[in-house]
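Here's the structure, in structure tokens; my notes come after.
Values below: all heavy atoms of this structure, side chains included; hydrogens, waters and symmetry mates excluded. Just so it is clear, the structure is predicted and the values come from calculations on it, not from any experiment. Note on naming: letters A, B, ... go to the chains in the order of the sequence lines (proteins, then strands), and numbering restarts at 1 for each one.
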Amino acid sequence: MDTVAVAKLALSAATYAIDRPYDYQVPRELADTLRPGMRVVVPFGAGNRRTEGIVLAFEDGRPPDPKRKTILTLLDEEPVLDAEALQLALWMRERWFCTVYDAARAMLPAGLYFSLQDRYAVAPGIDRETAYASAGKSEHARRILELIFASGGSAERRQIREAFGIKDPNPALRQLTDHGVLQLETSAERGVGDKTEQVAVLAVPAEEAMAQVTPKRRSAPLRYAVIELLAALGSASSKELCYFTGASSATLRSLTKSGLVRLERREVFRRVRVPEVESAPPPELNEQQQAAFEGLSALAAAGKPAAALLYGVTGSGKTQVYIRLIRQVLDRGRTAIVLVPEIALTPQLLRSFTAQFGDAVAVLHSSLRAGERYDEWKRLRTGKARVAIGTRSAVFAPLKDLGLVILDEEQEATYKSENVPKYHARDVAKYRCTQSGALLVLGSATPSVESMYLARTGVYHCFTLSRRYNEQALPAVFIADMKEELRAGNGTSLSLPLRQALEETLRAGEQSILFLNRRGASRMVSCGECGAVPTCPRCSVHLTYHSANGRLMCHYCGHSERLPAACPACGGTLNFIGAGTQKVQEELEAAFPGITVLRMDTDTVSATQSHEKLLSRFEKEKIPILVGTQMVAKGLDFENVTLVGVVSADLSLYVDDYRAGERTFSLLTQVVGRAGRGNKKGRAIVQTYTPENDVILCAARQDYDRFYEQEIVLRRLRGCPPFRDLFVVTASGLSESAVLKTCMRLRRSLEDWLERPEFRALEAQVLGPAPASVAKVNDRYRYRLTLACRNTRAVRAMVAHLVRCAQKDKENKGVSVSADVDPLD
DNA sequence: AGCACGCCGACT
DNA sequence: GTCGGCGTGCTC
């Protein structure tokens, strides 16, 4: 009997509700070349639209099935994912409620991505008249033809859909293709961010262009703004042009139609890599470092999966241990991954790694151009580079014989992805280490409570570095009670002790850093008279001011508007509020006339220069005082900084999140550790309205162990990680009542499930529905249910089932449902 | 999600 | 009789 070869594919068009391996017939000409891990193009769905798929496996000897469709084309010459990576993708689907394709997409560099477009083109030999005759009386078909002829004979399906709005162009499109007037072509284009970018240039002299748009300045302000900017610059990238003027790509297109602007593609110059550094000898280790190294090295040598916590106080030299460990792993013929929270904040670490390992290091992070990222990815896959350093997504580095994964500052929130797939790099790292018998090293001065718990209970090995480099003493920490300051009539953000300390530091010719630990440090605008704050029309958030383009912008949906001259509600004067760094800067300048105060927050960094530049200015010019947000907390060490002030330790503490204590402790510890890195002794002043708070007291004493002991009790009591995980099911939609109804249905079936004998013992708890932290985004209301429960395979399967059923349920029409584990907010 | 099929009202 | 709007069900 005749049999055929069938490929099992994961498809990009399959949503979570219908994600499963799909069977496709392998055409004879691909039978020899096609292997698992390669990407292909296949027809999918009733309309056979082109979809990308990735080969998971083959099955030979299957009976032919007339219903089965056939693979159209091959996209790769070599597999882009190996067997282990495919296995990881399947595991991610189970663990984080995403599709296999979502997982695969996270693993591959964007430069590898194709965008498949269905294009409708006028068939050869068909003229306008024949075409319109075929359209007959169909209004839809006529409109489609108009669009296609207007755009030069062909148009993308997406374009046609958008032009139609809600109505369905498909019957008309089918009619036209059936008559042979139009034909469908598929184009596979390389994805975004290649080596070129779109640039807009003036097509006519600047004066002429200005003369054309000026009369219509009122009615077409965006066109005017674009031309005005282009007249000044000559040319600019389309992206920047839109950012600075608030114009959309439609504005640019309309300007090209008027003949004022030309759009071109221009080569983007690949950016300079890590600066060349002289190679350095392996670092010398002190006694403690040596002990940690030997312990870790033995674990790595065993070739069995293992995890260890490297708990080392700030300045105890964890990097040197990493370097020696990597060296050894490389010498044994294996490879290593180093994850850091943010590349930009770790230039020193990057430099020392390059000095040690030279070309064997590949750097992967989000601000690399797609092409560069792709190049680095290829170097890793081919074995030319054997150490990958990067942020979260570098955990997927395509390395064979992985022997070691290091997560530096493992408690950092950046290791959890906020986009689908919402994975945590720590868990992916664990899985990869298990796959390849590698060692996972979690390094931190302030480990996450979860990791320390696992270390204390013997799941992780634990190594401690308690001695600071050169035996430096920890800075002396003083807590300033801001309630008392208020009672004494001091309403500013600078307490008396902080003022005095600043004065003394100034007099000694030393430098100070003031830290404002406010999350998402951005600036808002409010009316001085009526107190109104401009809000996004589509989302329930305040708009933030961007000084770079002078506009108010929404960080959730991208809405932007010009900063109004006066309050739209009452006509009053608008004031800037927000990060407060500016206010602190002003207060400092008033208190210390003539002293330079450098400010570093999202505003000054994006507008003027990179924070690296700002920091080097601070160091080289010995600017007396630096005020900043989160970004001053980490990274560089300054010899001459002897005073650190925390303006308000409470800001990150009293928020509704079980990790608030941990985050505040970690931040305060890092900030305090900034003082006195050189020979001089440092001190720190922590200002707070709640000086009796245990987290603040522990941080002031740099007493992690005490903090942990208290925190773990709270976590157990509240049923938070590490004792239970929080599964969050989110429903969103345009109708608030529909979203809430979906949530109530979900809650009921969740409770039904938990009644079953196999789940009773888990003592799970269901909370909500409650509005999400940002209750409305893009006009969609968001509510969520929280299930606090041990994270077992059965529970994950149950949640997955629940989400899938909710997505398929007709009662939930117009509401989308998704799930996440231990989300950040 | 995206597409086809089928039902039904409006217009011719 | 069409055309087009809308609800329902499936995706190899």
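- Distance CG (A:Leu11) to P (B:dA1): 17 Å, rounded to an integer number of Å.
- Here C:dG9 presents its P atom at 12 Å from NZ of A:Lys813, a figure rounded to the nearest Å.
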- Message: Assess the residue pair A:Lys400 and A:Asp82 against the criterion (salt bridge (Lys or Arg N to Asp or Glu O under 4.0 Å)); give the C-alpha distance rounded to whole Å, side-chain angles, the decisive distance to 0.1 Å, and a yes or no.
- Response: CA-CA 9 Å; A:Lys400 287 185 191 69; A:Asp82 61 17; 5.7 Å; no

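- Taking atom CZ on A:Arg143 and atom C1' on C:dC3, their separation rounds to 14 Å, with Å as the unit.
- Residue A:Lys810 contributes atom NZ, which lies 15 Å from atom C1' of C:dC6 at whole-angstrom precision.
- Side-chain contact annotation: A:Ser154 with A:Arg119, donor-acceptor N/O pair under 3.5 Å present.
- As rounded to whole Å, 15 Å separates atom C1' of C:dT2 from atom CZ of A:Arg142.
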Could you list all N or O pairs between the protein and nucleotides 7-12 of chain B that sit under 3.5 Å apart?
none

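- Heavy-atom neighbours of A:Lys416 NZ from other residues, nucleotides or ligands within 6.0 Å: above the threshold of 12.
- More than 12 heavy atoms of other residues, nucleotides or ligands lie within 6.0 Å of CD in A:Glu185, so this atom counts as buried by the packing criterion.
- Summarising the geometry, the separation between NE2 on A:His140 and C1' on C:dT2 is reported as 13 Å, rounded to the nearest angstrom.
- Counting non-hydrogen atoms under 4.0 angstrom, A:Gln25 reaches nothing in the nucleic acid.
- The ring of A:Tyr423 has its center closer than 6.0 angstrom to the ring center of A:Phe396.
- Crowding of A:Glu77 atom CD: a count of heavy atoms from other residues, nucleotides or ligands under 6.0 Å not exceeding 12.
- A:Lys137 comes within 4.0 angstrom of no nucleic acid atom, judged by non-hydrogen atoms across all strands.
- A donor and an acceptor atom, one from each side chain of A:Thr99 and A:Asp19, are nowhere located under 3.5 Å apart.
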- For side-chain contact (heavy atoms from CB on, under 4.5 Å), just list the numbers for A:Val181 and A:Leu145, CA-CA rounded to whole Å, side-chain angles, deciding distance to a tenth of an Å, and then say yes or no. CA-CA 10 Å; A:Val181 174; A:Leu145 286 174; 4.2 Å; yes

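- Contact annotation: A:Ser138 does not reach the phosphate of C:dT2 (side-chain N/O to OP1 or OP2, under 4.0 Å).
- Note: CG (A:Asp809) to P (C:dT8) measures 12 Å, nearest angstrom.
- Using modelled atom types, one finds no donor on one side chain facing an acceptor on the other under 3.5 Å when comparing A:Arg142 with A:Tyr132.
- Taking atom CZ of A:Arg804 as the reference point, atom C1' of B:dA1 lies 15 Å away to the nearest angstrom.
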Could you run down the sub-3.5 Å N/O contacts of the protein with nucleotides 2-6 of chain B?
unit_1, atom_1, unit_2, atom_2, d
B:dG2, O4', A:Arg49, NH2, 3.3
B:dC3, OP1, A:Arg157, NE, 3.4
B:dC3, OP2, A:Arg161, NH1, 2.9
B:dC3, OP2, A:Asn170, ND2, 3.3
B:dC3, O3', A:Gly47, N, 3.4

